[in-house]
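Report on the following structure.
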Amino acid sequence: HSRSMLRAAAPRAAATTARRLPVRMMASPDAETARWTRAWTVEDIDADNRPRFDAARPSPALADLLQRQPDLVAGRRVLVPGCGRGYDLPPLVRAGAVAATGWDYVPAASAAANAHLDTLLSSGAVTAAERAAVRVECADFFASPRPPFRFGAAYDYTFMCALPPSMRPAWAARYASLIEIGGVLITLIFPVQPPERASEPGPPWPVTPAEYQALLTAGGAFACEALARVPEPLSHKGRAGREWLGVWRRQGSGGGGKL
């Protein structure tokens, strides 16, 4: 796949509609927090004391996109919900974002992110100015009050797939309420599974590019500017062939309420 594919206009919608996945209702907020806290601190911890879902480095696909199209984030405030350890926040600032804010509603995750970012500062891997422009807050994407401004851009990776499928329309509507008109949503779409695995339970819940397109363009909230499979060299280890990259431009209609 050539790099030019990611600059192309949105492709034709998939011939088939997004597969309807089994719906598991979200437990109470306290139960969800407890479940993800266990994932961060007790369960699925590898030999390096990191959760096994922790990719341990910035996304190569995002880095490649920002190198080619820094204008997507330059001069903008960028939101990264479900940011985990915050690996992708410094690259956004280096590409010209005036601020990169991570939200994670699990206290253990936000604490781990800020500790990681402080380690980068002390080691010289980020500058003092870059560290000042990056912050991670313990915040609920759906319930936390919206800041007194709208974000100019947002980046979503392994966030939608962590949500029960029943929450996906609310996910799209919330982005529409948080991103300013003309702003950009970058989605690294994962895991895109082969048909025989498309009904597997999550998290991570299987997703499709067609579903992102249907959710985000509903009501004219976003327009698709690019949608393409991520070339294998630009995927995290173990995720090759299951990632797509989408760029969506916030339009002047749909989803701008107070949700």
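Source: prediction; values computed, not measured. By convention here, the first residue in the shown sequence is residue 1. What you see below is based on every heavy atom in this structure, not just the backbone, and it leaves out hydrogens, waters and symmetry mates.
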Roughly how far, to the nearest 0.5 Å, is the OG1 atom of Thr187 from the CG atom of Leu185?
5.5 Å
Heavy-atom pair with the smallest gap, counting every atom of Asp104 and Gly84
OD2-N, 3.3 Å
Are the aromatic ring centres of Tyr105 and Phe142 under 6.0 angstrom apart?
no
Give a yes or no on whether the backbone of Glu211 and the side-chain of Thr208 come within a donor-acceptor separation of less than 3.5 Å.
yes
As an exercise, state the distance from OH of Tyr157 to OG of Ser59, rounded to the nearest 0.5 Å.
5.5 Å
In the single-linkage hydrophobic clustering (I, L, V, M, F, W, Y; side-chain heavy atoms under 4.5 Å), do Leu178 and Phe149 co-cluster?
yes
Working to the nearest 0.5 angstrom, can you tell me the gap between Arg135 CZ and Arg131 CZ?
11.0 Å
Calculate, to the nearest 0.5 Å, the distance between atoms CE and CG belonging to Met160 and Leu216 respectively.
8.0 Å
How about Phe141 and Tyr175: are their ring centroids closer than 6.0 Å?
yes
Let me see the working for Arg77 and Val98 under side-chain contact (heavy atoms from CB on, under 4.5 Å), right down to the final yes or no.
CA-CA 6 Å; Arg77 296 184 181 99; Val98 297; 3.9 Å; yes
Which is it for Leu89 and Arg94 under the side-chain contact (heavy atoms from CB on, under 4.5 Å) test, yes or no, and what are the steps along the way?
CA-CA 9 Å; Leu89 298 175; Arg94 293 192 190 107; over 6 Å; no
So CG of Leu188 and CD of Glu243: to nearest 0.5 Å the spacing works out to 4.5 Å
With a 4.5 Å heavy-atom cut-off, do Asp156 and Ile189 have their side chains touching?
no
Nearest heavy-atom pair of Asp88 and Pro58: which atoms, and what distance?
OD1-CA, 3.3 Å
Taking the side chain as C-beta and beyond, is there a heavy-atom pair between Leu62 and Tyr155 under 4.5 Å?
yes
Are Gln213 and Cys224 side-chain neighbours, meaning at least one heavy-atom pair lies under 4.5 Å?
yes
Donor-acceptor check, side chain of Gln69 to backbone of Gln67, threshold 3.5 angstrom: yes or no?
no
Counting C-beta onward and ignoring hydrogens, is there a side-chain heavy-atom pair between Pro70 and Leu72 closer than 4.5 Å?
no
I'd like to check Thr101 versus Val78 (side-chain heavy atoms, cut-off strictly below 4.5 Å). Are they in contact?
no
Which atom of Leu92 lies closest to which atom of Ala100, heavy atoms considered
CB-CB, 4.3 Å
Ring-face cation contact, Phe151 with Arg76, 6.0 Å cut, 45° max
no
With the threshold set at 4.0 Å, does a side-chain nitrogen-carboxylate oxygen contact exist between Glu180 and Arg250?
no
Distance-minimising heavy-atom pair for Gly102 and Cys83:
CA-SG, 3.7 Å
Sub-4.5 Å side-chain heavy-atom contact between Leu215 and Pro169:
yes
Inter-residue atom distance Leu66.CG - Ile186.CD1, 0.5 Å rounding
6.0 Å
List the atom of Pro165, the atom of Trp205, and the distance in Å for their closest heavy-atom pair.
CD-CD2, 3.5 Å
Take Val207 and Arg168, measure what side-chain contact (heavy atoms from CB on, under 4.5 Å) needs, and give me the verdict at the end.
CA-CA 10 Å; Val207 295; Arg168 290 176 181 176; 3.5 Å; yes
So Arg146 and Ser177, side-chain contact (heavy atoms from CB on, under 4.5 Å) or not? Walk me through it.
CA-CA 9 Å; Arg146 192 175 68 198; Ser177 76; 4.1 Å; yes
With respect to Tyr212, which candidate in Phe222, Trp248, Trp244, Trp171 satisfies the ring-ring contact (aromatic ring centres under 6.0 Å, His included) definition?
Trp171
For Leu117 versus Gly86, what's the shortest heavy-atom pair and its separation?
CD2-O, 4.1 Å
